[in-house]
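Working notes, structure below.
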Amino acid sequence: HLSHIQSQAQAHVFHPKRPWILASLHNGVIQLWDYRMCTLIDKFDEHDGPVRGIDFHKQQPLFVSGGDDYKIKVWNYKLRRCLFTLLGHLDYIRTTFFHHVSPFSFLLASLHDQTIRIWNWQSRTCVCVLTGHNHYVMCAQFHPSEDLVVSASLDQTVRVWDISGLRKKNLSPSAVETEVRGISGVDLFGASDAVVKHVLEGHDRGVNWAAFHPSMPLIVSGADDRQVKIWRMNESKAWELDTCRGHYNNVSCAVFHPRQELILSNSEDKSIRVWDMSKRTGVQTFRRDHDRFWVLGAHPNLNLFAAGHDSGMLVFKLERERPAYAVYGNMLYYVKDRFLRQLDFSSSKDTAVMQLRSGSKFPVFSMSYNPAENAVLLCTRATNLENSTYDLYSIPKESDSQNPDAPEGKRSSGLTAVWVARNRFAVLDRMHSLLIKNLKNEIVKKVQVPSCEEIFYAGTGSLLLRDADGVTLFDVQQKRSLATVKIAKVKYVVWSADTSHVALLAKHAIMICNRKLESLCSIHENIRVKSGAWDESGVFIYTTSNHIKYALTSGDHGIIRTLDLPIYVTRVRGNSVYCLDRECRPRVLNIDPTEYRFKLALVNRKYEEVLHMVRNAKLVGQSIIAYLQKKGYPEVALHFVKDEKTRFSLALECGNIEVALEAAKALDERGCWERLGEAALLQGHHQVVEMCYQRTKNFDKLTFLYLITGNLAKLRKMMKIAEIRKDMSGHYQGALYLGDVSERVRILKNCGQKSLAYLTAATHGMDEEAEALKETFDPEKDTVPEVDPNAQLLQPPPPINPLDTNWPLLTVSKGFFEGMAADMDVDAPGGEGWGEDAELQLDEDGFMDAQDGLGEEGGATKEEGGGWEVEEDLDLPPELELPAGAGVGAEDGFFVPPTKGMSPTQLWCNNSQLPVDHVLAGSFETAMRLLHDQVGVVQFGPYKQLFMQTLSRGRTCYLGLPSLPCLRGNPQRNWKDCGAKQGLPAVGLRLSDLIARLQQCYQLTTAGRFEEAVERFRTILLSVPLLVVDNKQEIAEAQQLITICREYIVGLTMETERKKLPKDTLDQQKRLCEMAAYFTHCSLQPVHMVLVLRTALNLFFKLKNFKTAASFARRLLELGPKPEVAQQTRKILAACEKTLTDAHQLNYDPHNPFDLCAASYTPLYRGRPVEKCPLSGACYCPPYKGQVCRVTQVTEIGKDVIGLRVSPLQFR
Amino acid sequence: GPHPSPNVLTGGDVDELFDVKNAYYIGSYQQCINEAQKVKRKYAVVMDDIKASSSPELQAVKMFAEYRANEGKRDAIVAELDKKMSKNVDVANTTFLLMAASIYYHEMNSDAALRTLHQGESLECMAMTIQVLLSLDRVDLARKELKKMQEQDEDATLTQLSTAWVNIAVGGEKLQDAYYIFQEMSDKYSPTLLLLNGQAACHMAQNKWEEAEGVLQEALDKDSSHPETLINLIVLTQHLGKAPEVTNRYLSQLKDAHRAHPFLKDYLTKVR
């Protein structure tokens, strides 16, 4: 934990907020360092000779320095210059400090001239001189809150000065006046402004350093007598409290730890020592080989210290700040203040689950959590590694967070302990050999391992072993190394949730490997790598001292955000980074994952996602376009780009001629057309090529293009153009391409090439033309050239088939994006298909139409066929009584095979009187007996399907040895506490499921598919006795469910029956009306009742039974039907009310309550004898007693039974 | 006479056949074959050694294969086997014992299977003994046998698997332990159908239906017609309250492809 700045330091000071330290050097230079990055930020070189005093101002961008050149300088580090110099000292300056409370602009200097001087640095005057020491003053400091100064001198004393007078004076109006008196006046008022309050004597040699405690009235001092002394003071006196002995040379510096009960001191004996303030004993010593220490300072807020020595400066932490933590699923376990705490990520509930055993002065170094046993291994690292230990704790199940249990752990020595299986852990002991231990902390195995200095978790049965320059995956069971990867000094290992990837974190490097430890990528960091976690999409999110960053397994990495202080990532979900900070507080930071999600989507070629992100355009920017181009995704980049120029080059890069053409049109630059022409030609897209040549007026190429594409018309046009342009050679070339000899002759003639013109004409047999030319020759001067008799005519081959369309184009792979880009214009993709479906589902009344899937299922249940004579077929194997103690008698080699044991299913039958438990056990016979006795079932045919279905969920399977038949599992509803004998099967049929199934029945009813509806209602009804429910309310609900089913079955069956009846005679019509009226007395859903009442209303109205019709109309209106229906009904009602009489006498009295006989469909008025179905409760006229119930089709009407039993409550 | 322990793990040596055996036990057959081929190439010498002394073992395997392949020959094979068993059996030939016991187990003759296995002392024999005892609902005896296995090598894959079987049969809190064993092996090796169905059985035994759905879906994705997966789905879909047609689909799939599966045989006898 030491970072090292290579320069010799006389003094140093931390910046209170930024990660800076200012160091003054022996050669007069002052350096500003960033200690996190270990980089030099600035240099201030004006002092002449050693600078021993240095201090930052707390609020302003200032620092002060004092040196052996007698000068005090005040600097502004922002302006990077010295603001002013305070002169007037006559000796070396040892220390300089700002007064930290504004508005006091005091500055304190201690001097070799035996004085301490206080300056007002704003007025730049010395306001006070403290005299009294009679040797060099080595150090003087302000008290952090009171008007006190402490000084240390080689005169062997420490003095405490009261400067309250000075403070008062400075606040008074006359302050300015006194200050201007200047140095000459110091002696006059100095004595009264600052007086010696205490003189602390006790050191036997010169005192080098003295410092106040930040909050308590304590002083610490270090002296050449090799001692560190602690002093206490009150208003009246000060006394020596204790002495820390241990340094064996002059103590240079001693300070209090800003927050803990510790003292730090350093010495010319080349050591830094840490002392326990209360026990006055050394707790830690750090030594250097060659350098004496001179100065020591603490960071005001952070756990950081700096120590200057002969050849440089150290910045160090006193203790590890990294909390020990482990993550499992939704839980974070971490150690804080001697407690193991548990944080539930989802609920943010943070509780202390146990108190740790005390006794170690070192904090917990690492943790390994075992979810199966709810146990932890906590490793504690001692300064001397050999003394390291680990504790094995079983976490208490229940815990009071305020006062958690402190369970007895098991402690052993060992460097590291990690779980390797649910009941095994591995310990790397101090001899660096590997032990495997069980939950009792007993050694089970010793394993020979390759040289190894640290072990890490690597999934069940495996470990990662670290040696000096690599990590090895080691199989503990096979005792063999499986793979090795080279990476120096891995500190942490982070596995992805599915253990498919692992991130190895070293000080300045990260390597990501797969399960086989094959390196996928490695990343180098300039700053320390601190921690990391995998997000759910497989991106590794990690932190350095000052950044949160991401890494894809492909090696792509980048910064997500900056950090002020280091954090330790515990988990990443979505936009949230869960972490622990240095104070071990759980925190959640928000990050913007867009960038890495985008890159991940690209790598995984999930273009839908990419496109989604592009459309939502959070990402547009030059950097991302450059990224895409660089990484070979120009076609993706194309979609980001609005700038036509970039668009054009990207389009060319990915061979998208259409887009390039568009962009080229927009740009209309010669260069673009040329490049496009080339690209198009390469692809064979000659129409675009043509356009490009036209735009660039590249006549030669255009002409040639027409030639090779056989476009004679355009070729001729080109020739004409050439003529107009007076491009003789182009013109001639055109004629040549066209095979137009007369044109060639004409051209040659016109340009004065008479001989050539003649020869051309003559050779091609254009005799007339040749003659005419010949005549123009001047016989005196010109010679008529000879025509070559063997000349061959130069004629271009005629095009067989002029090419109007493009050549077969080079296939440019059409990416996802081009397709999608086209789609982007379509408004509602796939809307049509949905619309059709959606429309199909609604008929005019808005009722759901038939559901085919359900119909199919109905078909499957019809398989059953006729008389299902269950009773005879179902015989259970006889229950074998088990002779107690029978077993395998293995003695003497004589083998007695064991008898069969009691199966769980047999036990179920023994333990329950509920029919379903027997069905699940496969004991149909007893189940039927129970149904018979409880609800009077006599016909079991309809139950067959239900029994079989139920049976099929009673047994699970798992494979034992390969090639053997599988083993059976028997899920039980009381598995937690049933023991070996009290088991009951898990039922798998819930009341709520049955209730939910009613909806389908209602829908079928609405759709008018009565027979199917009845079938389903009946299935539900018959299923009710196969339920198991827990409480009285559910028992009542089960009964109610039966009632609902019964009402519908009776009503719908009657309606089906009614529709089959003839309606020719009046009596027949009357009967139809009666049945319709009875139907209105079934208990139905309002939506159905509306339909039923409308039917009854219409029938009664037609029969002119207006009075009854009116009562139906009123009932109908009360239900609040749809407006159309209501309007219609009101009209009918109005019509009825004109003649409020019934034309015919019917067997229907709405005012006299009745039950309906479910067989004869006649009313059974109250008080008349009635027989009921024992299951459904359907009513029947007495003659039907003994018959099978019409509703259930399984029960006997009027049978005397125990009653429905669906809960163990009913047996108590 | 002394016979080499088939589980070399108990010694300090590296077992070259570890991956082959392991893959076989956890039901990762394709991997098993691949590993075996690797070993064959790499350790031709080892294989030659085995070959020289192993013809009785190979014969045993052949016997079992023939039994499984030819329904018509089964009676003859069993009669032949009975004859062999009545004579002196080479108890060092673990393979023979295992194959013989397998045949008896398939024949539902658990007495003979146990008697055969009783003569062997290997982990394989003990594991099979446990399975037979569990099928007889003798959890008490299975636990005793398991204890013997654990004494021999607690960390062996077979011991771990056997522990899981026994734990499922014991039920209660042990179910979670069983689950962890399957899960651990899935993590460590690969989630095979055997391991996934084991996990599912544990989940379902604990009435954790949603959790079971996850693992069974994974199993279904690996093989859409694996009989045990289908059977478990038939159970699961009902407990999840899915529409009956979902269950029926799995049932008909099972009927179509695995008519001879013991589960279905049992089930169909009820229909008659």
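All values below come from the heavy atoms of this structure, side chains included, with hydrogens, waters and symmetry mates left out. Residue numbers begin at 1 in each chain, while the letters A, B, ... track the order of the sequences.
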- [ ] Name the member of Gly969(A), Ser462(A), Ala421(A) that forms the most heavy-atom pairs with chain B at distances under 4.5 Å.
- [x] Ala421(A)

- [ ] Heavy-atom pairs under 4.5 Å with chain B are the metric here; pick the option from Gln949(A), Arg997(A), Gln972(A) that has the most.
- [x] Gln949(A)

Task: Flag, side chain of Asn438(A) to backbone of Glu442(A), donor-acceptor distance under 3.5 Å - done: yes

Open item on the list: One thing to verify: whether Lys900(A) and Asp137(B) come together as a salt bridge, which I'm taking to mean a side-chain N less than 4.0 angstrom from a carboxylate O.
Closed with: yes

Task: Region of Leu161(B) in contact with chain A, defined by heavy-atom distances below 4.5 Å - done: neither

- [ ] Check whether Val447(A) gets within reach of chain B through its side chain, its backbone, both or neither, counting any heavy atom under 4.5 Å.
- [x] neither

Open item on the list: When you measure from the side chain of Thr159(B) to the backbone of Asp155(B), do you find a donor-acceptor pair of N or O atoms at a distance under 3.5 Å?
Closed with: no

- [ ] Give, as side chain, backbone, both or neither, the part of Leu175(B) having an atom under 4.5 angstrom from any heavy atom of chain A.
- [x] side chain

Task: Portion of Arg422(A) that has a non-hydrogen atom of chain B nearer than 4.5 angstrom - done: both

Open item on the list: Counting only non-hydrogen atoms closer than 4.5 Å, does His203(B) touch chain A with its backbone (N, CA, C, O), its side chain (CB onward), both, or neither?
Closed with: neither

Task: Which portion of Gln160(B) sits near chain A, non-hydrogen atoms under 4.5 angstrom - done: side chain

Task: Option among Val502(A), Leu473(A), Leu482(A) that satisfies the side chain to side chain contact (heavy atoms under 4.5 Å, CB included) test with Arg515(A) - done: Leu473(A)

Task: Sidechain-backbone polar pair: Asn197(B) side chain, Leu193(B) backbone, donor-acceptor under 3.5 Å - done: yes

Task: Residue Asn970(A) versus chain B: region with a heavy atom under 4.5 Å - done: neither

TODO: Tell me, for Ala980(A) versus chain B, whether the close heavy atoms (under 4.5 Å) come from the side chain, the backbone, both or neither.
DONE: neither

Task: Donor + acceptor pair across side chains of Ser433(A), Gln448(A) (<3.5 Å) - done: no

TODO: Can you tell which part of Phe263(B) gets under 4.5 Å to a heavy atom of chain A, answering side chain, backbone, both or neither?
DONE: both

Task: Structural part of Asn232(B) lying under 4.5 Å from a heavy atom of chain A - done: side chain

Task: Pairing residues for Ser952(A) by the side chain to side chain donor-acceptor pair (under 3.5 Å) criterion, not counting sequence neighbours - done: Gln238(B)

Task: Pair Lys148(B) + Glu145(B): basic N to acidic O under 4.0 Å - done: yes

Open item on the list: Is Tyr179(B) in contact with chain A via its backbone, its side chain, both, or neither, using a 4.5 Å heavy-atom distance?
Closed with: neither

- [ ] Can you run down the salt bridge (Lys or Arg N to Asp or Glu O under 4.0 Å) pairs that involve residues 955-978 of chain A, sequence neighbours left out, and say none if there aren't any?
- [x] Asp917(A)-Arg973(A), Arg968(A)-Asp266(B)

